[in-house]
Amino acid sequence: MTVADSLSHHVYLGADVVVKVIDAGRHSRLDREIALAPHLPAGITAPLLDSGRYELETREVRYACYARAPGTTPGMDMPGVDEATACQLAEEAVQRLHVLHSWTPAAPARQTLGETLDHGGFVSQAALLAEVGQIAALDRDGIVPRPVLDGLRAIAEGGPSQARADVPVHADCHWGNWLARDRGVTALLDFEWARFGEPMDDWFFLVRFSGPHMEAVLDVVADATETSPTTLRRECEVREACYLASDLRVALQRPDTPAQTVAENVRDLEELVVASPWWRHAP
């Protein structure tokens, strides 16, 4: 088996299977994925073959074994993918996600999707404004420029007052979690963050992580979902603000966070607020 890149697990690829392994004492998101796997709509992801816990020398690990779905990942920001292919993949990804969003979960899956999860995404306007307040209070060294905080507040105030939480969403469907072959998607992987939310929670990931094809994919998603491009930009922007603000707040709360990490979090927020990437090419 070969080793695959993963930030959260040890992942091993065989000819016909994929195995994910993690120390039993680490985060429990793999348990969520395992619990959901038997109930997900047919054909949307790789089938779960086996899962459980295993005593490995002096420690216990959790594992999940999946059938290997065909294809390879387009990758975060779709490196090397041409625009026509990116748009074709986006159209098919929207269709797959429509199936997920229209799924009526059985009781066990409904319970898992409804569990409290600190996902860092958009919950409400008030919650984002509170996040900005926490950042300001934690920033004792004044490393976050005032215009960034003011810009975050403006993004929050321009967004919806409340997010829905009644639709099954993947909530991490960037292009590193898709498989594709012959310009068509074959599977959506890694349901560790799946929860109840609203479709916009998934459209954000498709658009934001399309790299140089962000505008083209935004148009595809807007057309396929019959969403105003202006609404899509605004809703995606507020979601990115939530994720970046959450990352920065967590970094500031931890005294052992490297200064470089904090600086990178601030830079990402500044890019969002000052450069306004969601509106750069808006008509």
Trainee: May I have the step-by-step check of side-chain contact (heavy atoms from CB on, under 4.5 Å) for Val94 and Leu206, ending in yes or no?
Mentor: CA-CA 9 Å; Val94 170; Leu206 285 188; 3.9 Å; yes
Trainee: Does some side-chain heavy atom of Phe209 sit less than 4.5 Å from a side-chain heavy atom of Asn177?
Mentor: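 Answer no - side chains too far apart.
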Trainee: Got a second to check how far Thr230's OG1 is from Trp278's CH2, nearest 0.5 Å?
Mentor: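 If I round to the nearest 0.5 Å, the distance is 13.0 Å.
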Trainee: Around atom CZ of Arg53, are there more than 12 heavy atoms from other residues, nucleotides or ligands closer than 6.0 Å?
Mentor: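 Counting neighbours around CZ of Arg53, more than 12 heavy atoms of other residues, nucleotides or ligands fall under 6.0 Å, so yes.
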Trainee: For Gln125 and Ala156, indicate whether the former's side chain and the latter's backbone hold a donor-acceptor pair under 3.5 Å.
Mentor: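 Flag set: sc Gln125 to bb Ala156 pair under 3.5 Å.
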Trainee: Between Tyr54 and Val21, is a side-chain contact (heavy atoms from CB on, under 4.5 Å) present by the stated rule, with each step listed?
Mentor: CA-CA 10 Å; Tyr54 184 77; Val21 180; over 6 Å; no
Trainee: Minimum heavy-atom separation for Tyr243 to His119, with atom names?
Mentor: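 Between these two residues, the closest heavy atoms are CE2-O, 3.4 Å.
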Trainee: What's the spacing between Arg59 CZ and Asp23 CG if we round to 0.5 Å?
Mentor: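 It is 4.5 Å, given to the nearest 0.5 Å.
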Trainee: For His101 together with Trp203, are the ring centres under 6.0 Å from each other?
Mentor: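 They qualify: ring centres under 6.0 Å apart.
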Trainee: Kindly write out the residues that satisfy side chain to side chain contact (heavy atoms under 4.5 Å, CB included) with Ala67, not counting sequence neighbours, or none if the list is empty.
Mentor: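 In terms of side chain to side chain contact (heavy atoms under 4.5 Å, CB included), with neighbours along the sequence ignored, Ala67 is linked to Pro47, Leu49.
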Trainee: If you measure from the Lys or Arg side-chain nitrogens to the Asp or Glu carboxylate oxygens, is any gap between Glu271 and Arg280 under 4.0 Å?
Mentor: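 A salt bridge links Glu271 with Arg280.
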Trainee: Quick one: closest heavy-atom pair of Val217 and Ala86, and the distance?
Mentor: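 Heavy atoms only, the tightest pair is CG2-O, 4.2 Å.
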Trainee: Please find the pair of heavy atoms, one from Val169 and one from Leu100, that lie closest to each other, and give the distance.
Mentor: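 Shortest heavy-atom contact: C-CD2, 4.0 Å.
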Trainee: Could you state the interatomic distance from CZ (Arg146) to CG (Asp139), rounded to the nearest 0.5 Å?
Mentor: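 The CZ atom of Arg146 sits 11.5 Å away from the CG atom of Asp139.
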Trainee: Would you name the heavy atoms of Leu179 and Gly71 that are closest together and state the gap between them?
Mentor: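 Heavy atoms of Leu179 and Gly71 come nearest at CD2-O, 4.0 Å.
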Trainee: Check whether any side-chain heavy atom of Arg239 lies under 4.5 Å from a side-chain heavy atom of Arg208, and answer yes or no.
Mentor: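 Result no, sub-4.5 Å side-chain heavy-atom pair not found.
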Trainee: Answer yes if Leu218 and Met76 sit in the same cluster of Ile, Leu, Val, Met, Phe, Trp and Tyr residues linked by side chain heavy atoms under 4.5 Å apart, and no otherwise.
Mentor: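 Yes, it is one cluster - the side chains of Leu218 and Met76 are joined through contacts under 4.5 Å.
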Trainee: Determine, using the 4.5 Å side-chain heavy-atom cutoff (strictly less than), whether Leu36 and Leu48 are members of one ILVMFWY cluster.
Mentor: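 Cluster IDs for Leu36 and Leu48 differ.
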Trainee: If we ignore angles and hydrogens, is there a donor and acceptor under 3.5 Å between the side chains of Gln95 and Glu91?
Mentor: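 On atom types as modelled, these side chains do not qualify, holding no pair under 3.5 Å.
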Trainee: Of all heavy-atom pairs between Ile143 and Pro145, which one has the smallest distance, and what is that distance?
Mentor: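 Nearest pair, atom of Ile143 first, then Pro145: O-CD, 3.3 Å.
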Trainee: Does a side-chain heavy-atom distance below 4.5 Å link Cys173 with Leu188?
Mentor: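 Yes, at least one pair of side-chain atoms sits under 4.5 Å.
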Trainee: In terms of side-chain heavy atoms, does Glu115 have a donor or acceptor partner in Gln111 at a distance below 3.5 Å?
Mentor: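 No - no donor-acceptor pair under 3.5 Å links their side chains.
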Trainee: Atom CG of Leu113 and atom NE2 of His39: how far apart are they, to the nearest 0.5 Å?
Mentor: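 Here the rounded value is 10.0 Å.
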Trainee: Say whether, by atom type as modelled, one donor and one acceptor occur between the side chain of Thr73 and the main chain of Trp175 under 3.5 angstrom.
Mentor: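 Yes, the answer is positive, given that a donor and an acceptor are paired below the 3.5 Å cut-off.
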Trainee: Under the 3.5 angstrom rule, does the side chain of Arg62 hit a backbone N or O of Ile22 as a donor-acceptor pair?
Mentor: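 Flag not set: sc Arg62 to bb Ile22 has no pair under 3.5 Å.
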Trainee: Closest heavy-atom contact between Arg68 and Leu13?
Mentor: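 Answer, listing the atom of Arg68 first, then Leu13: NH1-CB, 3.7 Å.
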Trainee: Does His170 reach the main-chain N or O of Leu189 with its side chain, forming a donor-acceptor pair under 3.5 Å?
Mentor: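 Yes, the answer is positive, given that a donor and an acceptor are paired below the 3.5 Å cut-off.
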Trainee: In this structure, would Leu244 and Phe205 fall into the same cluster of hydrophobic residues linked by side-chain contacts under 4.5 Å?
Mentor: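 Leu244 and Phe205: one cluster.
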Trainee: What pairs with Ala127 under side chain to side chain contact (heavy atoms under 4.5 Å, CB included), at least two apart in sequence or on another chain?
Mentor: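 Ala127 satisfies side chain to side chain contact (heavy atoms under 4.5 Å, CB included) with Val123, Ser124 once adjacent residues are dropped.
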Trainee: Is the closest side-chain heavy-atom distance between Leu89 and Glu92 below 4.5 Å?
Mentor: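 In short, these two side chains do not touch, never coming nearer than 4.5 Å.
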Trainee: Name the residue from Leu269, Asn265, Asp268 that meets the side chain to side chain contact (heavy atoms under 4.5 Å, CB included) definition with Asp247.
Mentor: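 Exactly one option meets the side chain to side chain contact (heavy atoms under 4.5 Å, CB included) with Asp247, and it is Asn265.
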Trainee: Nearest 0.5 Å please: distance from the OG1 atom of Thr72 over to the CH2 atom of Trp178.
Mentor: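 The distance works out to 14.5 Å.
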Trainee: Determine, using the 4.5 Å side-chain heavy-atom cutoff (strictly less than), whether Tyr66 and Phe191 are members of one ILVMFWY cluster.
Mentor: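 Hydrophobic grouping puts Tyr66 apart from Phe191.
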Trainee: List the steps and the verdict of side-chain contact (heavy atoms from CB on, under 4.5 Å) for Thr257 and Leu252.
Mentor: CA-CA 7 Å; Thr257 302; Leu252 291 171; over 6 Å; no
Trainee: May I ask you to test the His281-Met214 pair for a side-chain heavy-atom distance under 4.5 Å?
Mentor: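 His281 vs Met214: side chains apart.
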Trainee: Can you tell which of Ile155, Leu232, Val273 makes a side chain to side chain contact (heavy atoms under 4.5 Å, CB included) with Glu237?
Mentor: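 Among Ile155, Leu232, Val273, the one meeting side chain to side chain contact (heavy atoms under 4.5 Å, CB included) with Glu237 is Ile155.
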Trainee: Short question: side chain of Asp201, backbone of Glu198 - any donor-acceptor pair under 3.5 Å?
Mentor: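 The answer is yes, because a donor-acceptor pair under 3.5 Å joins these two groups.
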Trainee: side-chain contact (heavy atoms from CB on, under 4.5 Å) for Thr227 and Met200? Distances and angles first, verdict last.
Mentor: CA-CA 10 Å; Thr227 304; Met200 195 65 69; 4.3 Å; yes
Trainee: So, do His98 and Pro199 sit near enough that their side-chain heavy atoms are less than 4.5 Å apart?
Mentor: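 With C-beta onward as the side chain, the pair stays apart.
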Trainee: Are any non-hydrogen side-chain atoms of Glu235 and Phe204 less than 4.5 angstrom apart?
Mentor: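 Contact flag for Glu235/Phe204 side chains = no.
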Trainee: Verify the neighbour count for atom CG of Asp16: are there more than 12 heavy atoms of other residues, nucleotides or ligands below 6.0 Å?
Mentor: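 12 or below, so no.
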Trainee: In the structure I gave you, are the side-chain heavy atoms of Arg32 and Trp193 within less than 4.5 Å of one another anywhere?
Mentor: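 No. Closest side-chain heavy atoms not under 4.5 Å.
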Trainee: Between Val11 and Val3, is there a shared hydrophobic cluster once you connect ILVMFWY residues whose side-chain heavy atoms come closer than 4.5 Å?
Mentor: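 Unlinked, Val11 and Val3 end up in two clusters.
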Trainee: Roughly how far apart are Thr112 OG1 and Arg195 CZ, rounded to 0.5 Å?
Mentor: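 Between atom OG1 of Thr112 and atom CZ of Arg195 there are 14.5 Å.
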Trainee: Run the ring-centre check on Tyr63 versus Tyr12 and record whether the distance is less than 6.0 Å.
Mentor: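 Between Tyr12 and Tyr63, which both carry aromatic rings, the centre distance is not below 6.0 Å.
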Trainee: Going by salt bridge (charged side-chain N to carboxylate O under 4.0 Å, His left out), name the residues that satisfy it together with Asp202, two or more places apart in sequence or in a different chain.
Mentor: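 None.
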Trainee: Ignoring hydrogens and angles, tell me if any N or O in the side chain of Arg96 forms a donor-acceptor pair with the backbone of Thr186 under 3.5 Å.
Mentor: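 Checking the backbone N and O of Thr186 against the side chain of Arg96, a donor-acceptor pair under 3.5 Å is found.
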